[in-house]
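To find a chain, count down the sequence lines: A is the first, B the second, and so on, and within it residues start at 1. When reading the values below, keep in mind they use all heavy atoms of this one structure, side chains included, and skip hydrogens, waters and symmetry mates.
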Number of protein chains: 2
Amino acid sequence: MAAIKHSKQRDAIKNFLISRKDHPTAEVVYAHVSREFPNISLGTVYRNLSFLVDLGQASKVPCSDGSVHFDGNVSPHYHFQCRECNAIIDLDFDVKKTEKDFISAASENFDGVIDGNVSFFYGTCPECLKKLNLLKKQE
Amino acid sequence: MAAIKHSKQRDAIKNFLISRKDHPTAEVVYAHVSREFPNISLGTVYRNLSFLVDLGQASKVPCSDGSVHFDGNVSPHYHFQCRECNAIIDLDFDVKKTEKDFISAASENFDGVIDGNVSFFYGTCPECLKKLNLLKKQE
DNA sequence: ATAATAACAGTAACAATTATCATTATTAAT
DNA sequence: ATTAATAATGATAATTGTTACTGTTATTAT
């Protein structure tokens, strides 16, 4: 019902999200958008991030360490988090098929209906793998 | 290094966790253990829950709605959350094999190393399914 | 131009969790 | 058994991430 009005702050937040392939937190968004809008409020950032999520133009990525990140890429995909550097990286594989298999396995001994899942993968990212290999060689 | 001393409060917290197949939050643990220890502190509950997690005697279950639950069952298994009643239920299927398949699919176009995943399943639990079917018939 | 109001900045309030600290309970040594 | 050392406690203060409030500003429709 309430008509949406345009706002430069919201544009800046959305553009920042789209421009980044990593997954900034509200604080990181705030820090960057503050450069363009020196007295933007942290509340405005939170309000617009939720708003964008509601509009389906961004997605909320709650990590198991309790931190909440935001993703400008709303196409279905899974996330990976590096145990070394905590970076969150998009994974690129056939979500549809794999998820279907995974859900049918999960439904095996369950009397309810499973219609979705949220997964996070963990391990070592390519960057950190390189660093660790270099350290090994130096020994 | 620091020697662990026994505590009745910790026992009560652990026993409560083990006794429950649902997955209480810190507040719920506090509410129940308070019956036996009327002036236990909420801080003590949080402290011991983390401690039990560190000892590998409990696990932390952070849900994507931001709430944090605790599980006395530390054997590897997945969780399901009902969209209707928000209950968290253990799923019983062959984790090892399924996870292996899932991880190898996820690793497809990724140069890092994936060694684990955390997944949450969503849908309708058996209880709520029943209720919804009854409602349908009444129409 | 003007009026209506969505969105703002600034700030207060909030909920969940963690830290502090003086007191109590548990353990190990006498 | 007493005692000494200290882990753990209860009570409370502090912290963090987020949401709500309020008067002002910016956007849109008339």
> Do the charged groups of B:K60 and B:D71 touch, with an N to O distance under 4.0 Å?
Replying inline: no

> If you look at every strand shown and take non-hydrogen atoms under 4.0 Å, does B:R47 touch a base, only sugar-phosphate, or nothing?
Replying inline: base

> Between C:dA29 atom C1' and B:K5 atom NZ, what is the distance in whole Å?
Replying inline: 13 Å

> For A:F70 and D:dG17, what is the distance between atoms CZ and P respectively, to the nearest whole Å?
Replying inline: 13 Å

> Which one, D:dA8, D:dT18, D:dA7, comes nearest to the side chain of B:F51?
Replying inline: D:dA8

>> At 4.0 Å (heavy atoms only), tell me whether A:E27 reaches a base, stays on the sugar-phosphate, or touches nothing.
In response: nothing

> Would you say the base of D:dA8 and the side-chain of B:S7 have a donor-acceptor pair closer than 3.5 Å?
Replying inline: no

> Is the gap between the ring centers of B:Y30 and B:F16 under 6.0 Å?
Replying inline: no

> To the nearest angstrom, how far is A:Y46 atom OH from C:dC14 atom C1'?
Replying inline: 13 Å

> Between D:dT25 atom P and A:K8 atom NZ, what is the distance in whole Å?
Replying inline: 16 Å

> How many Å lie between CG on B:L42 and P on C:dA19, as a whole number?
Replying inline: 14 Å

>> Taking only side-chain N and O atoms of B:N39, does any of them lie within less than 4.0 angstrom of OP1 or OP2 on D:dT9?
In response: no

>> Using heavy-atom distances to pick each residue's nearest nucleotide on DNA chain C, tell me which of B:H6 and B:A26 is more 5'.
In response: B:A26

>> In this structure, how many angstroms lie between the P atom of D:dA8 and the NZ atom of B:K14, rounded?
In response: 14 Å

>> At less than 4.0 Å, is any side-chain N or O atom of B:S41 found next to OP1 or OP2 of D:dA11? Yes or no.
In response: no

> In whole Å, what is the span from the CG atom of A:D65 to the C1' atom of D:dT16?
Replying inline: 14 Å

>> Please confirm whether the shortest side-chain N or O distance from B:Q9 to OP1 or OP2 of D:dG10 is below 4.0 Å.
In response: yes

>> Under 4.0 Å between a side-chain nitrogen and a carboxylate oxygen: does that hold for A:R20 and A:D22?
In response: yes

> Do the ring centers of A:F80 and B:F110 come within less than 6.0 Å of each other?
Replying inline: yes

> In this structure, are over 12 heavy atoms from other groups packed under 6.0 Å from B:E127 atom CD?
Replying inline: no

> Starting at CG of B:D11 and ending at P of D:dT9, how long is that distance when rounded to a whole Å?
Replying inline: 10 Å

